[in-house]
2 protein chains.
Amino acid sequence: MEVNKQEKIQATALRLFVADGFHGTPTAKIASEAGVANGTLFYHYKTKEDLVVALYNKIKDEHAENLQAIINREDFITTKFKNVFLHSVNWALANPDKFYYIQQFNFSPHFAKVSHETLARHTRGYAGFIEEGIRKKLLKQQPVSLIVSMFNGHVYGIYQYLIASDADPTEKEKIINEAYYMLWDMMKYM
Amino acid sequence: MEVNKQEKIQATALRLFVADGFHGTPTAKIASEAGVANGTLFYHYKTKEDLVVALYNKIKDEHAENLQAIINREDFITTKFKNVFLHSVNWALANPDKFYYIQQFNFSPHFAKVSHETLARHTRGYAGFIEEGIRKKLLKQQPVSLIVSMFNGHVYGIYQYLIASDADPTEKEKIINEAYYMLWDMMKYM
DNA sequence: ATATTTATAGACTAATTAGTCTATATGGAG
DNA sequence: CTCCATATAGACTAATTAGTCTATAAATAT
């Protein structure tokens, strides 16, 4: 067994789900393109839905872990804030499939409960340093969840702009930086 | 014929698509719950995809028309800007199904081309007054499409926050207003 | 070495589903 | 009143698809 079949299945599923959507992708196609048999897929994931959810949680957890590492570093709060933003945007740009998949999942009514719970679970991890920023009057005196929502909205907005633009990498970095200062104009305590 | 069957089909399709997704909703179910026969649905819409796209464009056009009316009013640019934001958020809150459907569609790779073209078409309508705002140094000196993307991101963010919150209508209005001032802090020329 | 668990394969099935086809009905034009 | 186009109905079909079943193979434990 040279390749991990489970990982092959997940990678193939991600690619196909992003191309054709959950329902638009037959399990047989995932299996065949992943180079495994139908039975293997259903051995590892009891149902198709299981696979969809497992893939979502894997991507979200992976991303949340990275953010947590940034937050845990011994930096000044505003530095953390900036780094979390930069990492989020750069991660989305470097992993468009994953970012796309996450959005697709978040807007699938059928999975609303899962995505809501996952978001809530991860937000608890970020809450601490945002609360500190509010307390120290660096951030506007608003609820943590409002700040998180606006933050996510901003990442979403700048991502949409960047994928449609044909700016080269250096230029993109500059745009992301400017987007950060705009975000900060919005968030900072005055 | 007391009710317009086409409208009944669209309304039912919207409800079911939001509940179960495009692929998760059989045409037969749409027809039966709309109280029409299968043949009737396929008489009005040659394919299922036709229905999905027609519904999307109808909702988007309807919304864009409202925004255009606001933009065309003889108001100061900053007033227009605020009104467009307020209307967008309130429209989303008043029509969660439609807003949800739009997002779902926007993140369906299969329809990427359609949604991209529709966005571009509508953006041309908004461009004029944003350009004026930039020229008059009311808005930051950034590309129109960046401003539109961030604007949309902000609407998206505040919507996500508000549907998860249990604030009463009066309180929600207050939150939306604060969200507007935050948006303005971000967008205004300094 | 043997037994047991884990992993893989692929044929098969029962159910579902988009779209077709033919038959009516309804309403307006001449 | 008679045509003809538009609208509606619903049975039917060909294709697709999630999940099952049985058989092995590989790895691990005893």
Side-chain angles (χ1 to χ4, degrees), chain A residues 1-58 101 104-105 107-115, chain B residues 1-58 101 104-105 107-115:
Chain A
M1 182 176 44
E2 45 198 292
V3 284
N4 185 329
K5 306 249 171 184
Q6 263 194 84
E7 277 174 22
K8 198 81 183 54
I9 290 169
Q10 285 195 346
T12 307
L14 174 63
R15 180 168 54 80
L16 294 176
F17 285 156
V18 166
D20 305 321
F22 309 131
H23 291 96
T25 306
T27 51
K29 196 178 179 189
I30 299 172
S32 91
E33 296 205 14
V36 305
N38 205 279
T40 307
L41 192 155
F42 281 97
Y43 170 74
H44 288 291
Y45 306 94
K46 213 154 63 166
T47 64
K48 185 184 182 183
E49 197 167 309
D50 269 12
L51 170 59
V52 172
V53 172
L55 186 52
Y56 175 78
N57 281 325
K58 189 192 161 202
Y101 182 76
Q104 220 183 293
F105 191 96
F107 275 105
S108 287
H110 191 251
F111 298 112
K113 208 179 153 193
V114 176
S115 57
Chain B
M1 183 176 43
E2 45 198 291
V3 284
N4 185 329
K5 305 247 172 183
Q6 263 195 84
E7 277 173 22
K8 199 80 183 54
I9 290 169
Q10 285 196 346
T12 307
L14 175 63
R15 179 168 55 79
L16 294 175
F17 285 156
V18 166
D20 306 323
F22 308 133
H23 291 96
T25 307
T27 52
K29 195 178 179 190
I30 299 171
S32 91
E33 295 205 13
V36 305
N38 205 279
T40 306
L41 192 155
F42 281 97
Y43 170 74
H44 289 291
Y45 305 94
K46 216 155 59 170
T47 64
K48 185 184 182 182
E49 196 167 311
D50 269 12
L51 170 59
V52 172
V53 172
L55 185 53
Y56 175 78
N57 280 325
K58 189 192 159 202
Y101 183 77
Q104 219 184 294
F105 191 96
F107 276 105
S108 286
H110 192 251
F111 298 113
K113 209 180 152 193
V114 176
S115 57

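Bear in mind that the values here come from a model prediction, so they are computed numbers and not experimental data. What's counted below: heavy atoms across the whole structure, side chains too, no hydrogens, waters or symmetry copies. The sequence lines fix the lettering, A, B, ..., with proteins before strands; numbering per chain opens at 1.
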[X] [atom1] - [N] [atom2] separation (whole Å):
X	N	atom1	atom2	result
B:Y45	C:dT17	OH	P	21 Å
A:N4	D:dA26	CG	C1'	15 Å
B:I30	C:dT17	CD1	P	11 Å
A:H44	C:dA9	NE2	C1'	12 Å

Has [X] got a side-chain N or O lying under 4.0 Å from the OP1 or OP2 atom of [N]?
X	N	result
B:K5	D:dA9	yes
A:Y43	C:dT8	no
A:T40	C:dA7	no

Indicate the atoms forming the closest heavy-atom contact of [X] with [Y], along with that distance.
X	Y	value
B:N38	B:A28	ND2-CA, 3.7 Å
A:T12	A:K8	OG1-O, 2.7 Å
B:Q10	B:A54	NE2-CB, 4.4 Å
A:L41	A:I9	CA-CD1, 4.0 Å

With side chains defined as the heavy atoms from C-beta onward, is the minimum distance between A:Y45 and A:V52 less than 4.5 Å?
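Result no, sub-4.5 Å side-chain heavy-atom pair not found.
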Tell me which residues in residues 9-19 of chain A lie within less than 4.0 Å of DNA chain D, going by non-hydrogen atoms.
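Correct list: empty, so none.
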How does protein reach along nucleotides 18-23 of chain C, written 5' to 3' as B (base within reach of a heavy atom under 4.0 Å), S (only sugar-phosphate), or - (no contact)?
BBB---
Verify, without hydrogens or angle tests, whether A:K48 (side chain) and A:T25 (backbone) share a donor-acceptor contact under 3.5 angstrom.
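Indeed, once roles are kept as given, a pair shorter than 3.5 Å links the two residues.
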Test side chain to side chain donor-acceptor pair (under 3.5 Å) applied to A:Y101 - qualifying residues, sequence neighbours left out
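Scan of A:Y101 (side chain to side chain donor-acceptor pair (under 3.5 Å), adjacent residues dropped) gives none.
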Once the angle between the rings of A:F17 and A:F22 is folded into 0 to 90°, is it parallel (under 30°), tilted (30 to 60°) or perpendicular (over 60°)?
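Perpendicular: the ring planes of A:F17 and A:F22 meet at over 60°.
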